[in-house]
Amino acid sequence: MMHLLRNARGMRVAIGAHDASVRAWWAPDRYGRLADVLGAAPPAAHAPVDWQCDPPDGGHLLLRLARDGLSVRLAYRLDDDGSLHLDCAAMADGVSRFALAAPLFNLQGRNAAVDDHVLRLAADHYGPWPGGGAPLDVAGSAFDFRQPAPLASRLAWPALAHLPGFRHDFYWAGSGQLREAARVADPASGRVLRFSSTQDGCHLYSDARCFSLLAQGVQLQPGQAMRFTLAYRLGVQDIDAFDISEPISMTSNK
């Protein structure tokens, strides 16, 4: 079962009732043409299922989960400026860990590649993968997206050439306030995704056809309560205004 949110710009967002994931998002390109810019949501470790849902109210949707001593309230709101807000509050009676399933984006459309998607990410440290380990400084590495760069150009670096894509955690100095942490632009469609979070890190996932910016997983101790907010904002932008630091090739999407 899907719940559909709408805004005044004609955007539609489909939320899956089973796992509270974002399943589809129809958004216009620079010419006003609508397309679904999502694929299926990837399975998240410790992702809760069997949510209870109130009937959608325009651009608002409220879901609740209560199981195994974990109580979660998740509110979605689709604004007319193209922002999808996720406000999550949780409390646990015992040690609990959960993560939200993150949407997989392809800003050009499901059948295109994301090689030329340009990422800017305001993170100064990243977590090594595979193998894990202490966070490392991004300076001078393929993981430094503080200046915008295409995903494919970074995956061509020798240190990453053997990997199928990004599967890495990124960190920044958080303040607990909602702030823009990442921006992804597609030169072909003109669509731009802005990712904001109250957390101090995110997980970047990518492969040939999609990418995702995931919230951090949450672990609660007995009696602990927590809350975080995410926002994904879709719009359009002239790619020349994005200040790209490395060359791109439009041929990979043809």
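FYI, side chains are in, hydrogens and waters are out, and symmetry mates aren't considered; it's all heavy atoms of this structure.
Here Asp29 contributes atom CG and Leu34 contributes atom CG; the two are 8.5 Å apart, rounded to the nearest 0.5 Å. Taken from CG in Leu178 to OG in Ser196, the straight-line distance is 5.0 Å, to the nearest 0.5 Å. For the atom pair CG of Asp93 and CD of Gln224, the computed distance is 12.5 Å after rounding to the nearest 0.5 Å. The OG atom of Ser212 sits 9.5 Å away from the CG atom of Leu193 when rounded to the nearest 0.5 Å. Rounding to the nearest 0.5 angstrom, the gap separating the CG atom in Leu104 from the OH atom in Tyr205 is 6.5 Å. Atom CG of residue Leu74 and atom CG of residue Leu100 lie 6.0 Å apart, to the nearest 0.5 angstrom.
The minimum heavy-atom distance linking Arg191 with Ala35 is given by the pair NH2-CB, 3.5 Å. When all heavy atoms of Leu63 and Tyr76 are compared, the pair lying nearest together is CD1-CD1, 3.7 Å. Pro187 approaches Arg30 most closely through the heavy-atom pair O-NH2, 3.1 Å. Considering every non-hydrogen atom in both Asp137 and Ala139, the closest pair reads OD1-N, 2.9 Å. Taking all atoms of both residues into account, the shortest heavy-atom contact from Arg209 to Ala112 is NH1-C, 2.9 Å. The two residues Gly82 and Trp25 come nearest to each other via the heavy atoms O-CZ2, 3.6 Å.
Ser71 contributes no side-chain N or O that, together with a main-chain N or O of Ala66, makes up a donor-acceptor pair within less than 3.5 Å. Arg167 places a side-chain N or O within donor-acceptor distance of the main-chain N or O of Ser206, the cut-off being under 3.5 Å. No donor-acceptor pair closer than 3.5 Å links the side chain of Arg73 to the backbone N or O of Leu62. For Ser21 (side chain) and Arg23 (main-chain N/O), no donor-acceptor pair under 3.5 Å exists by modelled atom type. In this structure, Arg6 contributes its side chain and Leu78 its backbone to no donor-acceptor pair below 3.5 Å. Under a 3.5 Å cut-off, the side chain of Asp36 and the backbone N or O of Ala24 do not form any donor-acceptor pair. Formation of a donor-acceptor pair under 3.5 Å by the Asn7 side chain with backbone atoms of Gly10 is found in this model. Using modelled atom types, one side-chain atom of Asn106 and one backbone atom of Gln108 make a donor-acceptor pair closer than 3.5 Å.
Contact check for Val236 versus Val192: no side-chain heavy atoms found under the 4.5 Å cut-off. A heavy-atom distance below 4.5 Å is not found between the side chains of Leu220 and Met91. Residues Phe105 and Val114 fail the side-chain proximity criterion, which asks for heavy atoms closer than 4.5 Å. Side-chain contact between Arg194 and Gln237 is present, with heavy atoms from C-beta onward closer than 4.5 Å. Side-chain contact between Leu204 and Phe143 is absent, with no heavy atoms from C-beta onward closer than 4.5 Å. The shortest distance between side-chain heavy atoms of Leu61 and Cys53 falls below 4.5 Å. Looking at Val218 and Ser96, their side chains never come closer than 4.5 Å, going by heavy atoms from C-beta outward. The shortest distance between side-chain heavy atoms of Val118 and Arg120 does not fall below 4.5 Å.
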Exercise for the section: Take Leu119 and Leu121 through the test side chain to side chain contact (heavy atoms under 4.5 Å, CB included) and record every step on the way to the result. Expected result: CA-CA 6 Å; Leu119 170 66; Leu121 179 57; 4.3 Å; yes
Practice task
Determine, step by step, whether Thr229 and Ser197 satisfy the side chain to side chain contact (heavy atoms under 4.5 Å, CB included) criterion, reporting the C-alpha distance in whole Å, the side-chain angles of both residues, the deciding distance to 0.1 Å, and the verdict.
Solution key: CA-CA 6 Å; Thr229 300; Ser197 175; over 6 Å; no
Practice task
Given side chain to side chain contact (heavy atoms under 4.5 Å, CB included), test Leu4 with Val13 step by step and report yes or no.
Solution key: CA-CA 6 Å; Leu4 197 63; Val13 175; over 6 Å; no
Practice task
Please step through side chain to side chain contact (heavy atoms under 4.5 Å, CB included) for the pair Tyr126 and Asp169, ending with a clear verdict.
Solution key: CA-CA 6 Å; Tyr126 73 97; Asp169 294 319; over 6 Å; no
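The only member of Asp80, Asp81, Asp79 that meets side chain to side chain donor-acceptor pair (under 3.5 Å) when paired with Ser83 is Asp81.
Under the 4.5 Å side-chain heavy-atom criterion for ILVMFWY residues, no single connected hydrophobic cluster contains both Leu230 and Tyr171. Leu160 and Leu151 fall within the same hydrophobic cluster, defined by Ile, Leu, Val, Met, Phe, Trp and Tyr side-chain heavy atoms under 4.5 Å apart, directly or through other members. Both Trp172 and Leu136 are members of a single hydrophobic cluster when ILVMFWY side chains are connected at heavy-atom separations under 4.5 Å. A chain of hydrophobic side-chain contacts below 4.5 Å, direct or via other Ile, Leu, Val, Met, Phe, Trp or Tyr residues, connects Leu86 to Val37.
Within 6.0 Å of CD in Gln221 there are more than 12 heavy atoms belonging to other residues, nucleotides or ligands.
Asp87 pairs by the salt bridge (Lys or Arg N to Asp or Glu O under 4.0 Å) definition with Arg227, not counting sequence neighbours.
By the 6.0 Å and 45° rule, Arg154 stacks over the aromatic ring of Phe145.
Ser141 and Asp144 are not linked by any side-chain donor-acceptor pair at a separation below 3.5 angstrom, with hydrogens and angles left out of the test.
Between Arg64 and Asp54 there is a salt bridge, with a side-chain nitrogen of the basic residue lying less than 4.0 Å from a carboxylate oxygen of the acidic one.
In this structure, His117 has its ring center closer than 6.0 angstrom to the ring center of Phe211. Between His125 and Phe170, a ring centre-to-centre spacing not shorter than 6.0 Å is recorded.
In this structure, Trp129 and His168 have perpendicular ring planes: the angle between them is above 60°, well past the 30° mark.
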